Each structure stands twice: as C-alpha cells, then as structure tokens.
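The structure is given below, and queries will be raised subsequently.
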Amino acid sequence: MAKKKFYAVRRGHKTGIFREWFGPEGAQIQVQGFAGAQYRGFPTRGEAEAFLSEGRPSAKKSQPDDGTRVVVYTDGGAIGNPGPGGYGVVIISPQGDRQELSGGYRRTTNNRMELMACIVALEHLEGDRPVVLHSDSRYMVDAINKKWVFGWKKKGWKKADGNPAKNPDLWKRLLDRLGSLQVEFRWVKGHAGHEWNERCDQLAGQAMSRPNLPADTAYEAAAFGRAQS
C-alpha cells in the first residue's frame, strides 16, 4: 500500500495541500472542530490536486451552505483597542439574496465589536430559520462552542479563576437572542482571502472611520468607573 505523502483539505479552517498530518502546519489542525470537513490523504500531489478540484464550483458563486439555512458572516475591530470601532455583517438568504449591515462607536474594543456584529446580525433576522454564523473571533466562537459563556453566566459573570467576565452586557444580549434561534457558530481564519470575511472587514473599517460616532455607553461607563476607582 502506497504511503500517503500529501493531504488535501477541501473544506476546513484552511484549505489546500499539506505535506504533514500532524504539527502546527499540518492538515489535522485544519479539520479539527470544523463541521463538514472534507479531506483525504494521497500518495501523489496530482491525486491530491484532483481531489481539491472536484470540490471547486464551475463558476464563482456564493452558495448559502446547504440551501436551507441563513448564512451569516461577521467581523469587528477597533483602532488602538480601545479606540474608534466598527462592525460589519453579511447575511445570505437560502435563495442567495445578500444584505450588508454595519455600524460603529467612538470608543470601544475589538471583542465588543466582534460581539456586536453577531448581535446585530441575529437581531436583524426574522423568523426562526436555522442559521450558520461565521466569525474570525476565537473569543466569541470558542466561548459559545466550548460553553464557557454559560459557565460565566451561572457564576454571576465570573470566570473559572474568579475574575469578572468581560462584556457581560453584550453576552446577555446575545444569549437572549440565541434562546429563540438555532445557530451554528463556525470560526474562519481572518485576512485569508475569504470573500465574505474580507467584505465584513471592509464594512467594519468604513464604519469606524465615520465622523461623529455614537458612544458605546456601557463600555464608556465601565471604563470611566475603573478610572475613578
């Protein structure tokens, strides 16, 4: 039996051909925890490239997941962290229709804008159709998928080490919305050329650059209180 020397990842955190299975640059880490991952090992590069080509659409057209769920992409950031911040959202209906949302605040943080992007997207949706939401924020995706946020809430918004969990106002708002929706959270690698992740990044950047941004009142109130204590 020929030894597998090339690993092709067709669907994963990062796609392409990898020479190793294990290790920080190997194929295994690209498929771990990725719902619907597609990958195989091959003895030759030609076979691996053929496997990748099978999964490429004949025309570059975004398809909304399996055609039954609403697909959402979100991104957020802040200049200086904290500083002027913004969020961007792309929503794709099962029919392929696309909506874009964005907004910003005069002083906030990266993580707050990542959360706000998700909140705005889900609050914008009507009905109870299942949703798959993509974000490049490990902070948000891991907190949901690894159940950390539910532990923080149970402990009165404290982490396992007893320190306060950050951004409880936004986490409460997100959990309230998740109570009435079926949402799958997926992490995507940021700044890796993904069409809709890049578009969300553009929307967030444009939003945080607008003049006369409103206050992120909860953040500013908490920051002012810390400054006075």
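This one's a predicted model, so the numbers in the text were calculated from it and none came from an experiment.
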(request) Tell me, please, which residues at least two apart from Thr108 pass side chain to side chain donor-acceptor pair (under 3.5 Å). (result)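 Asp216.
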(request) Is it possible for you to say whether Val31 and Val141 belong to one hydrophobic cluster, with membership spreading through side-chain heavy-atom contacts below 4.5 Å? (result)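 Different hydrophobic clusters.
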(message) Is the positively charged end of Arg19 above the ring of Phe6, judged by distance under 6.0 angstrom from the centroid and angle within 45° of the axis?
(response)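 Pair Arg19/Phe6 counts as cation-pi.
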(message) Give me each pair satisfying side chain to side chain donor-acceptor pair (under 3.5 Å) with a member in residues 205-215, each pair once, sequence neighbours excluded.
(response)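 Sorted pair list: Ser102-Arg210.
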(request) For Leu133 and Met140, work out which heavy atoms get closest and say how close. (result) CD2-CE, 4.0 Å
(request) Determine whether Val72 and Val89 make a side-chain contact, defined as any pair of heavy atoms from C-beta on separated by less than 4.5 Å. (result) yes
Can you give the donor-acceptor pairs under 3.5 Å from side chains of residues 158-166 to other protein atoms, not counting sequence neighbours?
residue	atom	partner	partner atom	Å
Asp161	OD1	Asn163	N	2.9
Asp161	OD2	Asn163	ND2	3.1

(message) With a 4.5 Å cut-off on side-chain heavy-atom distances among I, L, V, M, F, W and Y, is there a chain of contacts connecting Val132 to Val120?
(response) no
(request) Keeping the roles fixed (side chain from Asp136, backbone from Val188), state whether a donor-acceptor pair exists under 3.5 Å. (result)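 No, the answer is negative, given that no donor and acceptor are paired below the 3.5 Å cut-off.
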(request) Measure from the side-chain N and O atoms of Glu198 to the backbone N and O of Gly193, and report whether any donor-acceptor pair falls under 3.5 Å. (result) yes
(request) Determine whether Ser135 and Asp75 make a side-chain contact, defined as any pair of heavy atoms from C-beta on separated by less than 4.5 Å. (result) no
(request) Any chance you could measure Met208, atom CE, to Met113, atom CE, to the nearest 0.5 Å? (result)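 Answer for the CE-CE pair, Met208 versus Met113, is 9.0 Å.
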(request) May I have all residue pairs that pass ring-ring contact (aromatic ring centres under 6.0 Å, His included) and include part of residues 83-125, sequence neighbours excluded? (result) none
(request) Please name all residues satisfying ring pair (Phe, Tyr, Trp, His ring centres under 6.0 Å) with Trp157, sequence neighbours left out, ordered by chain then number. (result) none
(request) Work out which heavy atom in Gly88 is nearest to a heavy atom in Ala204; give both atom names and the distance. (result) N-CB, 3.8 Å
(request) State yes or no: do Leu175 and Val183 share one hydrophobic cluster built from I, L, V, M, F, W and Y residues joined by side-chain heavy-atom distances below 4.5 Å, directly or via other members? (result)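 Yes, it is one cluster - the side chains of Leu175 and Val183 are joined through contacts under 4.5 Å.
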(request) Drop me the distance from Leu178's CG to Leu122's CG, to the nearest 0.5 angstrom. (result) 6.0 Å
(request) Please list, chain by chain and in numerical order, all residues satisfying side chain to side chain donor-acceptor pair (under 3.5 Å) with Gln202, sequence neighbours excluded. (result) Arg199
What donor-acceptor contacts under 3.5 angstrom involve side-chain atoms of residues 142-154, with partners at least two apart or in another chain?
residue	atom	partner	partner atom	Å
Asn145	ND2	Phe185	O	3.1

(message) Do Pro82 and Thr109 make a side-chain contact, defined as non-hydrogen atoms from C-beta onward lying under 4.5 Å apart?
(response) yes
(request) Tell me, please, which residues at least two apart from Asp169 pass salt bridge (Lys or Arg N to Asp or Glu O under 4.0 Å). (result) Arg112
(message) Would you say that Gln30 contacts Phe18 through its side chain, given a criterion of any heavy-atom pair below 4.5 Å between the two side chains?
(response) yes
(message) I'd like to know if the side chain of Asn110 reaches the main chain of Asn81, judged simply by a donor and an acceptor atom lying under 3.5 Å from each other, with no hydrogens or angles considered.
(response)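 Checking the backbone N and O of Asn81 against the side chain of Asn110, no donor-acceptor pair under 3.5 Å is found.
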(request) Could you state whether Leu115 and Leu125 fall into the same hydrophobic cluster, counting links through intermediate Ile, Leu, Val, Met, Phe, Trp or Tyr residues with side-chain heavy atoms under 4.5 angstrom apart? (result) yes
(message) So Gln182 and Asp128, do their side chains get closer than 4.5 Å, heavy atoms only?
(response)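 Side chain of Asp128 against side chain of Gln182, heavy atoms only: no contact under 4.5 Å found.
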(message) I'd like to check Val71 versus His134 (side-chain heavy atoms, cut-off strictly below 4.5 Å). Are they in contact?
(response)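 Yes, at least one pair of side-chain atoms sits under 4.5 Å.
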(request) Taking the side chain as every heavy atom from C-beta outward, state whether Tyr73 and Arg186 have any pair of such atoms under 4.5 Å apart. (result)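 With C-beta onward as the side chain, the pair stays apart.
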(request) Enter the distance from Phe42:CZ to Ile17:CD1 here, rounded to the nearest 0.5 Å. (result)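 CD1 of Ile17 is found 9.0 Å from CZ of Phe42.
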(request) Can you measure from CD1 (Ile119) to CG (Asp176) and round to the nearest 0.5 angstrom? (result) 9.5 Å
(request) Run the numbers on Leu170 and Met116 for side chain to side chain contact (heavy atoms under 4.5 Å, CB included), then give the verdict. (result) CA-CA 7 Å; Leu170 297 184; Met116 184 59 74; 3.7 Å; yes
(request) Heavy atoms only: give me the nearest Gly104-Ala207 pair and the separation to one decimal. (result)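 Closest heavy-atom pair between Gly104 and Ala207: N-CB, 4.1 Å.
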(message) Tell me every residue that passes salt bridge (Lys or Arg N to Asp or Glu O under 4.0 Å) with Glu123, counting only those two or more places apart in sequence or in another chain.
(response)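 Partners of Glu123 by the salt bridge (Lys or Arg N to Asp or Glu O under 4.0 Å) criterion, ordered by chain and then number, come out as Arg173.
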(request) With sequence neighbours left out, write down each residue that passes salt bridge (Lys or Arg N to Asp or Glu O under 4.0 Å) with Arg129, or none if nothing qualifies. (result) none
(request) Can you measure from SG (Cys200) to CD (Glu195) and round to the nearest 0.5 angstrom? (result)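 If I round to the nearest 0.5 Å, the distance is 10.5 Å.
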(request) Determine, step by step, whether Ile92 and Trp196 satisfy the side chain to side chain contact (heavy atoms under 4.5 Å, CB included) criterion, reporting the C-alpha distance in whole Å, the side-chain angles of both residues, the deciding distance to 0.1 Å, and the verdict. (result) CA-CA 10 Å; Ile92 306 173; Trp196 300 126; 3.5 Å; yes
(message) I'd like to know if Tyr219 and Ile79 are part of one continuous hydrophobic network [Ile/Leu/Val/Met/Phe/Trp/Tyr, side-chain heavy atoms within less than 4.5 Å].
(response)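 In one cluster: no.
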(request) Could I get the full list of salt bridge (Lys or Arg N to Asp or Glu O under 4.0 Å) partners for Arg107, not counting sequence neighbours? (result) none
(message) My understanding is that only residues two or more places apart in sequence, or in another chain, count here; which of them pass side chain to side chain donor-acceptor pair (under 3.5 Å) with Asn111?
(response) none
(message) Using every non-hydrogen atom in the two residues, find where Cys118 and Leu174 come nearest and quote the distance to one decimal.
(response) SG-CD1, 3.6 Å
(message) Does any part of the side chain of Lys14, heavy atoms only, come nearer than 4.5 Å to the side chain of Val9, both counted from C-beta?
(response) no
